[in-house]
Structures are given as C-alpha cells and as structure tokens.
Amino acid sequence: MTFQPVDTRVSFPQLEERVLKLWNDHRVVEKNLAAGDRPFVFYEGPPTANGRPGLHHVISRIFKDVICRYRSMQGYRIIGRREGWDTHGLPVEIEVEKALGFNGKPDIEKYGIAEFNARCRESVWNYIQDWKAFTERIAYWVSDDAYITYDNNYIESLWWILQKLWQNDLLFRDYKVTMHCPRCGTSLSDHEVNLGFQDDVDDPSVWLRFKVSAADHTAAGARHAAALQHAAFLAWTTTPWTLPGNVALAVKPDADYALASIDGERVVMALALVPHVLGETAVVEQTFRGDELVGVRYERLFDGAPGSGDTVDEARLYRVIADEYVSLEDGTGIVHIAPAYGDLEIGRKHGLPTLFSVDLAGMVMPELGDLPFTGKFFKEADPDITRNLKERGLLFRSGRVKHSYPFCWRCGTALLYYAKRSWYIRTTAKKDLLVENNKQIAWVPEHIREGRFGNWLENNIDWAISRERYWGTPLPIWMAEDGYTECIGSLAELEQKAGRNLKDLDLHRPYVDAITWEDAQHGTMRRIPDVADCWFDSGAMPVAQWHYPMENQELYQLAYQADYICEAVDQTRGWFYTLHALSTLLFDRPAFKNVICLGHILDGEGQKMSKSKGNVVNPWTVINEQGSDALRWYLFTASPPGSPRRFSSALVNESLRKFMLTLWNTYSFFVTYAGLDGWVPPAHGVANQHLAPIDRWALARLHALVHDATAAFEAYDVTGAAREIEAFVDELSNWYVRRNRRRFWKSEADSDKQAAYATLYTCLVTVTKLAAPFIPFAAEAIYQNLVRGVDAAAPESVHLARWPQVDQQLVDQQLVDDTEVLLKAVSLGRAARKAAGLKIRQPLRQLWVRAPTAAGTDGLRRFEAELRDELNVKEVRFLDSSTDFIEYRFKPNLRIVGKKYGKLVPQLTAALRELSGDTARNAARAVEQGQSVWLTVGGSELELQHDELLVETSSPAGYAVAEDGGVLCALDTALTPELTSEGLARELVRNIQDARKEAGFAISDRIVVYLGGADGDAEVEAMLRSWGDYVRNETLAEDLVLTAPPESAYQVVLDLDDARSIRIGVRRQ
RNA sequence: GGGCGUAUAGCUCAGCUGGUUAGAGCGCGAUCCUGAUAAGAUCGAGGUCGGUGGUUCGAGUCCACCUACGCCCA
C-alpha cells in the first residue's frame, strides 16, 4: 500500500470532474448533509431561478458553503442546508408579460389570471437546469429538497403568520401613496414609474396665502397667535390640484421664521428665504423658531373630501406642524401637506386625516362642492383653481416652472400620486425591539449593524405588504360589503368557513378568489384581491420552509433561529430586513445570529456588471479554464467579503499559480519521494526525539496555523482564515521543503529521514483538512491519496473528516518567532551578497549576524547550520556589544516614549542621534543587558528603560553589510584560493546539472563528463584535485575526462574569465 | 437630496488602540538560486496614502468639509 504518483502538470478542471464522480459514486454529499450531532442552523436566502446564475451567485454560494463545511467538520449537523427558490413577484410577471407581448394589467385580465399564473409558475423554472449544474460544479452542498415559495404548504404557513400578525393587531389597512395612472386605472410599480420620468415638464408655480385663523389655536401656538393676527402663511406648490387635499402646513422645527411686512400685508415664511421670495423691500417685524409656530390654525382654502368610511377629526385639521423633512432649499420653508397626494408618511406621523380632491380617474370630485372646475381632469383644473384663488385674494404670486415629473410609460398620461387603501404590517409598533435585537447580531463587516442596517431600523416605517397583482401569495383576508374582515390562518380554517373540502385547491388566484361564504351578520365574505409583497414570502422562510406549524414542530424547535446567513449587501433592506422584522414581530427575537454581508462584484474597470454593458463574466468560462477551486480561492482571499471587488480572470490565475500549484507541488514532491522509498505513515507516529529543529518548527508553525485559522473561522473571518493558510503553504514549500530536500533524497532510511517524511506528511494532511472548506476538490484529491490511500479505516472523504485540533505539545511560539528572525537574516545576507556582487555559489569565510535584542541573537544561535548553508559561509559569528568593529545608532521607541515624554520627543531624538563611540557602545551594552540608559535632554537627566530605545548598527569596513529593523548581516568578503576553488567547483556542478537537465537525462542516469580546455589549466586542475569527488557525486558522473567532448555528448560552455572557458560535455553511461 | 461604504505603487490588496524608512503579491527591468514547483531570492523603477483644513511632539490612521465611485433609500 503506497501513494499514487502525482503529476505536477495537473489540470484542475479535469481533476474536479473526477472528484465530482467520486462524490457521486460514494454519495458523499448525502453523507455529509446527514452527518453531525450538535445542530448548526443555516438559512438559505432563496434566489429566483428565472435567470442564469452569475458570478455574484458564485460568491454568495461559496461563502455560505465554506462556513457550513467548517461547522460540519467540527461535528455539527447543519440544519437548513437545502435549496430554496423565490418564485413569486413582479419580476416574474414582467418576464411573462414580455414573452406574451402584454402591455399591463388589462391585457392580463383579458388573457385570464388562471392561464397567466400558470405561465408564471412555469417560467420560474426556465433556468433550473443551469442552476443545478452550476450548484454541483462549484460544490455548493445543499440538498435537493428545496423549499419553493409558491408551494401550497409554504403559502399555508404564510397564512398562519399573517393571521398571527392580525391577531396581535400588527396587520392593518391604511392609505398608501402609489403612482397611479388615471387613464389605465392602475397603480404602477417603481420600475414602471422609472420608465416614464420626464425632465423639463412645464407646470404652474404658485405662491399662496394661508390666512392665520382668528381663534382656536392650540396651547403651543396660542402664545404667538396674537402677533400673527391678520397675517398669512406663505406656501408654494407646483400642483394646485392637490390644494383641496391640504390638511396642514409644515415648518422646519429648528429653522427661523419671519413675520415680514411687504406692501402693507404681513406674511410668515422662512427667514432665510425672505430676500429671495419677497425681495429687499420686505421688513422683518419679528422672528420665531419653527417649532414655536406649531398648533397655529389657518383658514382652509377648500373643503377636501374624506375617503369613504373615514371619519375626520376636525380638530386636527389646518394647523401648523413641524417636521425635519421640511427643506429650505426652495419654496418658502412652509410646505403644504396633502397626505392623499404624496405626504402620507408625514400625515400619519402627525396624526393627520387624509382628504381627497380628485378621484382615481383623475377628475376633480363633486364632493368638494359646486366649483367651476368640478369634474375636470386634474391637470386641466390647475388654471381654474389658480384663478379661483386669485379671485378670493389668496394667490400671492403665480408663474411657471420646469421640473421632472412622472408619466405613464404606456399611455403617456401624467401620473397621480394617490393614496389608496393598502395593507400594512405594523413594524413601527416594535421599532425599539427591532433596534435592540439588531444589537445581538454579529455582522461581517461590522459597520453594517450600526450603519446601513441600524439606520434603516431607526427610520423604520410600517411595511406596506399588499400588491394589486396576480402571481403572489394571496392575502388570506376576506371582507364583507360593510367592511367587516376576517383573516384566515390555515386551509382547515378556510374549509370550515367554506363548508367543503378544499384539499385540491390551488391557493393562488384566481382559484382562492372563488372561495366565499355567508356571514350571518355581514353577508357575503369575499377575498380581497391583493397578493403579498414577495419579500414577505422570503422573510417568512424560517417558518414557512418547514410548513410550520402544520408540520415539523420538533425540527422547528431546533431551527427557529439561524446561526448563520450570508447574502449581498443589497439585502439589508430586502431579505435581511424582512427576516429580522418578522422574527421580531412574531417571536421577539432576531432571526439570525451571524451574517456575512457581501459586496458586489464589478468588472475589471470597476463598473457594475450588466447585460446592457456586455461586461458580464460567465462563471462557466472561469470554471472550465481555471477550475472551481481557483475561483473559490480567489473570491475568498482577494479582498474582504464586504468590499466591492473588481473581477479579473488574471487574478484567478494568480490564485491558481500562487496557492493551488504551490500546495499541489509540495504534495507532489512528497508523494514522489515517499513513493520511491515506499514510505507510509508509521502506525505510532515518529518519536519526538528524532525530530530535527526545523521539523519542530514546521509542526509548531502548523499548530499556530490551526489555532489562527480556527479563531478566524469562529469570528466568521473567512478571508483571514484563507490568508493564514496561504501564508503557511508558502512557508512550507519555500522554506521547509527547500531546506530539507536532501533529507528526502538521501539513500539511508534513517530516523532523520523518517522524521522528515512524518513532518511533511503531517503538515500536508493537516493543511489539506484546513483548506477543505475552501477548495473542496483539490483537498479531496490530496486527502484520498495521502490518507485514504494508506488507511482504509479513515473517513472516506476529507469532508467527512474532523477539523484539526491544536496540539499544545507541538506549539512553540519562541521557535516560530526565532525562525522569523532567521528568515529575515537570510534575506539580508542575500542582499549583502548582491550588493557586493558575490554569487551565493561562492563560499565566504565568515558571517557576522545580530538580532535587535540579545534574546533574539540567542534565538539565532540554534540556526547556525541553516545560516551557514543558506548563505554559503564557513563560519557564523554572533555579534554583541562587546564587538568593537561596528557603530551603534539609537532611536526612541516612539510607541512607548511618545506617550511618556510628549513634547520632549524631538529633543530626545536629537540627543540619541548624538551618541557615538564608546558612549554608544556602553549604551548598546546596557540595552542588551536589560539595563537603563541615562541621557541629558534639554538640560536634565533622563533615565531611559532598555525597551524605550531601538538600537541600529552600521557597516564595519571590509564587510558586505545589510541591516533592517535591528537585524544585521555582515559578510567577510575576503577570498582565499581555497574559497575560490570551492566556488569554481560549485559553478561546475551547476553547469553540469544544467546540461544534464537540458540533455533530457533522467535524475538517476549515470554519466560521463568531458571538460574540454581544462587540461593544463592550473586553477581547474587544482580544483579537481580537491573537489573532484564532490563534483562526481553531485552529478552522478562515473568519470571526469579532461578532453574535448565527443560529438555525441550534450555540450555547454562555462566561461571562467574573459580569456578562459571550459567546454562541458555530458553523455549517458 | 439622505444614509452607508470605498478611495494606499500600473493592477489586486495589507497597514492593530496615532509612532520609527508606508508594505506584500502580480506585472516590468536586472541579477541570482534551482533535479518537486507553472516556483523561489535579491536589487531597481513605480506612492503628493483622493483633495483641503484641523487636533497632536508626531496623522495613511483621529475630526470637519469637499471630490469620485458603488449600494440602498427618497
């Protein structure tokens, strides 16, 4: 039993296809979904399947996936890891309308709701095959057991929720301003309204007098009523036809208002706007703060008409209110409020009634009384209304204005802002709890909680839930002619009302509309025609996905709150909100505990990807070329999840090369040599005492990684965890493997070699498990070979294996830190060589090295062999302050000193700079030994602690030096003939190796080497006398011949200097 | 118009509660190292840390305002 050979020229897309087959053959997904004991609850935010999956779906699905995989490896059973499909709503209807060539609701009604809804039901599955293939191919592991929002069971649960809200007085009927087309007789969606905005629409612009009433001011306003007698409020509007709907005037509470006189009359308006509106001749008599005017009553312009069935509280009408929403940008700073035609929110906030002036056909209502413009179309009534007001002395000024205004995209008629009866969920009733519950949620990125989401909750308004549409969850509200309503909470209840079996009833329109019953008191009960906002469908999924409470009561007890959800940032006002709102309203608790909120994916230029721009990246292209793992890794590591990211396949390629291939090649290296040696992991592991220091380092580093990656995952810091893993793989490959290659090559199978194998094996297996949630395919392939290949008892998939645990025995932070200093020293040594023009191949006599602290230098001592080898020196010496050939420089450790000495810092820095010679050396010694240093600064003596100083060293003469952050490497550059000779030997070896490789020889081929032109060269001959065996050994040369190579040998030329060269030939034995 | 976020090298990103010479990877140039590697190392070119002002001994970091972009809302 041994490992399968691994090709370094791997094709990840092909490998992934093979892994998919393995998972299918062994039903791994199924087993994984069923595994675990402790519950971990995940909620799937349902996408709509009526479009092709794109890159943004990849990112949200893999961020969902990675956390579930991690938890699963920790032994959790993931509840709710299933598909979910959002199937209702206007976008679906629009698609179907487009396909049928329809032009709005009348076309649909003519076509028939039953047939139309049947088309909608089909259309949501247009791309389901794409979705299924895509989901499998990116390894998003969910069960097929999807919840579907149009399902009867799902709808029944929604009814239960609605009834519960109803019972708690949280579902109510009130006006809602919609954009209404008077000609088509229908409300338009936001989307439709946006289609029909026109700029530069010519409209009237009128300034009006609202005369202060003689009496009946409320207490607050009464104080100033006397001063305001015979004055009028000035207000401005571009829609005179809304004036009969006026119920109040609004001022800005903290703005200044002026009582001004002009041409003998007294008017009230915002002080700041007086010069602009009244001109220079106006005289300000008195000023008030806006909120001082609250309650002042004024004379109505017209008698508006209440909505049918409404009773109007006269006392609340025609008074000044104060609201922050009032702007001083234009107009007079006093705003005419007509809730029926756009100011409904403010009306509700201030408890104002709603009065109408025109009907749904856009005609001025006869209820206003006998007026010259009664029965006219609202736009055409404007001049008549203006004239009427002028005749009554209420018009202050009039003109025309150009602004933007919405028109019906279908028929071009000016739209009406119109308050219609609508159904609301009273979220404001629990606003404080919404805010409180949000504080319990852990958001990634954190700022969403207080920022975007928190703000949204602070400004909460009631949720308008009804839609006058067809393809949606029918609201289960039945109403009698007299307005009596009942809310039905289940199919059983409806059956009881209807008095018959409804098991086969499709709960959608129009079928449900046909269910009526007779109420003894109120007569025939009919369903209201509205359907629910489809955000209600998805927001209710925690309940409805399980058909609770009709089914799954026990399951629901586990799954009533999600441990984790993840969607893109646009869901803060969408799904995140509706989940949160419904959970708080129904159960007083947050719906989810942790949430990752993803930024959007942009194209390479930072532009939003959209079909019209043609810059949409098809995920399949990337998956087929670079593989799902590479794409996943890129998306996990490239930037923090909450940031918008520019996508480029070049960067996916970088992930592939930088991480995937580094891991793969390390794995391949291991398998190659383990295969040659027939090495398999020993049953009882490797005894600790056989581990080399670098093995201990690798294991200490590994367990630090396990700790850090686990901690990052626990904080839902996916990117952090991935970046930790990437850093480790890099060090494993470029330090551990590179340093230890010879231990794997050597022919003796001693304990040292065993230790190397065991160490590398442990690192690879462990890191593979850590990487498994991120790159499920490659991790599986590696695991199958390294673990399953030699241990039939191991879990059959890495995704069924357990998450690695930190082994405290192996943790050694000191060793990890010391190695970091070593790596730094090695890097500096190379820099020093580079600066002196000395190749690494040329051995040097001596290296001097020091770390910033004595302890650091001691840490380096244990790596003397590594330093010698890496930097190719004969001897390593460690510097301390007793060495007198270097100069010391000092800087303050600002992090500590800055706070302590404040303004003294510049002088202190200067004083330290002055230290030199023996004074400096003494100070350096003191710092090294942990003693304090006395220094004269600004005339007084300061005692500086050893950690308040940073010591740097400068170059001794005759040495090649590099220094950074207190680490110093100094190389003795003097060359002896022996050193030169050895350098030449290594140069020769390198050239012969190159020639072997270029000639295409196998690693184990024995060869003959010809050295043409070397015969008689004293330097070369001397070198061969000392180093001939070394050269033969390294290059597997049976023979070194000092003659020109024959034609049959592969040849290269090694230049010794300008005049001399060796013609090297290699030939297989 | 409001809210939130983002802005650091040609590109993608680090930069902890303010602190020492602002870093990494990719790309570019040069050199080196290399019989696991599509890799690695060193050096170099490339930064007014979006702008202006402020607080501070000291600002990429904190504050204010502004600009551009993105998202959401109006």
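The shown structure was predicted, so the numbers you read here are calculated from the model rather than taken from an experiment. Each chain gets a letter, A, B and so on, in the order its sequence line appears, and its residues count up from 1.
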Participant: If you look at every heavy atom in A781(A) and Y667(A), which pair is closest and at what distance?
Facilitator: O-OH, 3.9 Å
Participant: Does R841(A) have a side-chain nitrogen or oxygen under 4.0 Å from the phosphate oxygens OP1 or OP2 of U34(B)?
Facilitator: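 Checking U34(B) against R841(A), a side-chain N or O does come within under 4.0 Å of OP1 or OP2.
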Participant: Using the C1' atoms only, state how far U52(B) lies from A68(B), rounded to an integer number of Å.
Facilitator: 15 Å
Participant: Taking atom P of G35(B) as reference, at what distance in whole Å does atom CD of E1034(A) sit?
Facilitator: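 Distance check: E1034(A) CD to G35(B) P gives 9 Å.
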Participant: Provide, to the nearest angstrom, the distance between the CG atom belonging to N653(A) and the P atom belonging to G27(B).
Facilitator: 10 Å
Participant: Which atom names give the shortest non-hydrogen contact between Q626(A) and S649(A), and what distance separates them?
Facilitator: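 That closest heavy-atom pairing would be NE2-O, 3.2 Å.
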Participant: So that I can compare with my own list, what are the stems of RNA chain B, taken as at least three consecutive Watson-Crick or G-U pairs with distances under 3.5 Å?
Facilitator: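 Stems for RNA chain B, defined as runs of 3 or more consecutive pairs: B:1-7 with B:67-73, B:10-13 with B:23-26, B:28-32 with B:40-44, B:50-54 with B:62-66.
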Participant: In whole Å, what is the span from the CG atom of L732(A) to the P atom of A39(B)?
Facilitator: 18 Å
Participant: Find the distance E654(A):CD to C11(B):P and express it as a whole number of Å.
Facilitator: 14 Å
Participant: Can you tell me if the side-chain N/O atoms of W664(A) get under 4.0 Å from OP1 or OP2 in A39(B)?
Facilitator: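 So the side chain of W664(A) is outside the cut-off, no N or O lying under 4.0 Å from OP1 or OP2 of A39(B).
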Participant: Could you measure between the two P atoms, the one in U42(B) and the one in U34(B), and give it in whole Å?
Facilitator: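 It works out to 16 Å between them.
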Participant: In this structure, how many angstroms lie between the P atom of G40(B) and the CG atom of L871(A), rounded?
Facilitator: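 After rounding, the gap between these two atoms is 20 Å.
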Participant: Under 4.0 Å between a side-chain N/O of K839(A) and OP1 or OP2 of A41(B), yes or no?
Facilitator: no
Participant: When you check the phosphate oxygens OP1 and OP2 of C13(B), does a side-chain N or O of S639(A) lie under 4.0 Å from one of them?
Facilitator: yes
Participant: Within this structure, what is the CG-to-C1' distance between L764(A) and U37(B), rounded to whole angstrom?
Facilitator: 13 Å
Participant: Using whole Å, what does the distance between atom P of nucleotide A36(B) and atom OH of Y736(A) come to?
Facilitator: 15 Å
Participant: With a 4.0 Å limit, can you tell me whether R990(A) has a side-chain N or O closer than that to the phosphate oxygens OP1/OP2 of G35(B)?
Facilitator: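 Affirmative; the distance criterion is met.
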Participant: Hey, does the side chain of S827(A) come within less than 4.0 Å of U42(B)'s phosphate (OP1/OP2), counting only N and O?
Facilitator: yes
Participant: Are W443(A) and E450(A) close enough that a side-chain donor and a side-chain acceptor fall under 3.5 Å?
Facilitator: no
Participant: Just grab all the salt bridge (charged side-chain N to carboxylate O under 4.0 Å, His left out) pairs involving residues 651-663 of chain A, residues at least two apart or on different chains.
Facilitator: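 Residue pairs passing salt bridge (charged side-chain N to carboxylate O under 4.0 Å, His left out), neighbours aside: K658(A)-D730(A).
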Participant: With a 4.0 Å limit, can you tell me whether Y667(A) has a side-chain N or O closer than that to the phosphate oxygens OP1/OP2 of A36(B)?
Facilitator: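 Y667(A) to A36(B) OP1/OP2: no side-chain N or O under 4.0 Å.
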Participant: Calculate the interatomic distance between K900(A) atom NZ and U20(B) atom P; express it in whole Å.
Facilitator: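 It is 19 Å, rounded to the nearest whole Å.
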Participant: Run the ring-centre check on F647(A) versus Y634(A) and record whether the distance is less than 6.0 Å.
Facilitator: yes
Participant: Please tell me which of R452(A) and D994(A) maps to the more 5' nucleotide of RNA chain B, matching each residue to the nucleotide holding its nearest heavy atom.
Facilitator: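 By nearest-heavy-atom nucleotide position, the 5'-most residue is D994(A).
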Participant: With a 4.0 Å limit, can you tell me whether K891(A) has a side-chain N or O closer than that to the phosphate oxygens OP1/OP2 of U20(B)?
Facilitator: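 For U20(B), neither OP1 nor OP2 has a side-chain N or O of K891(A) closer than 4.0 Å.
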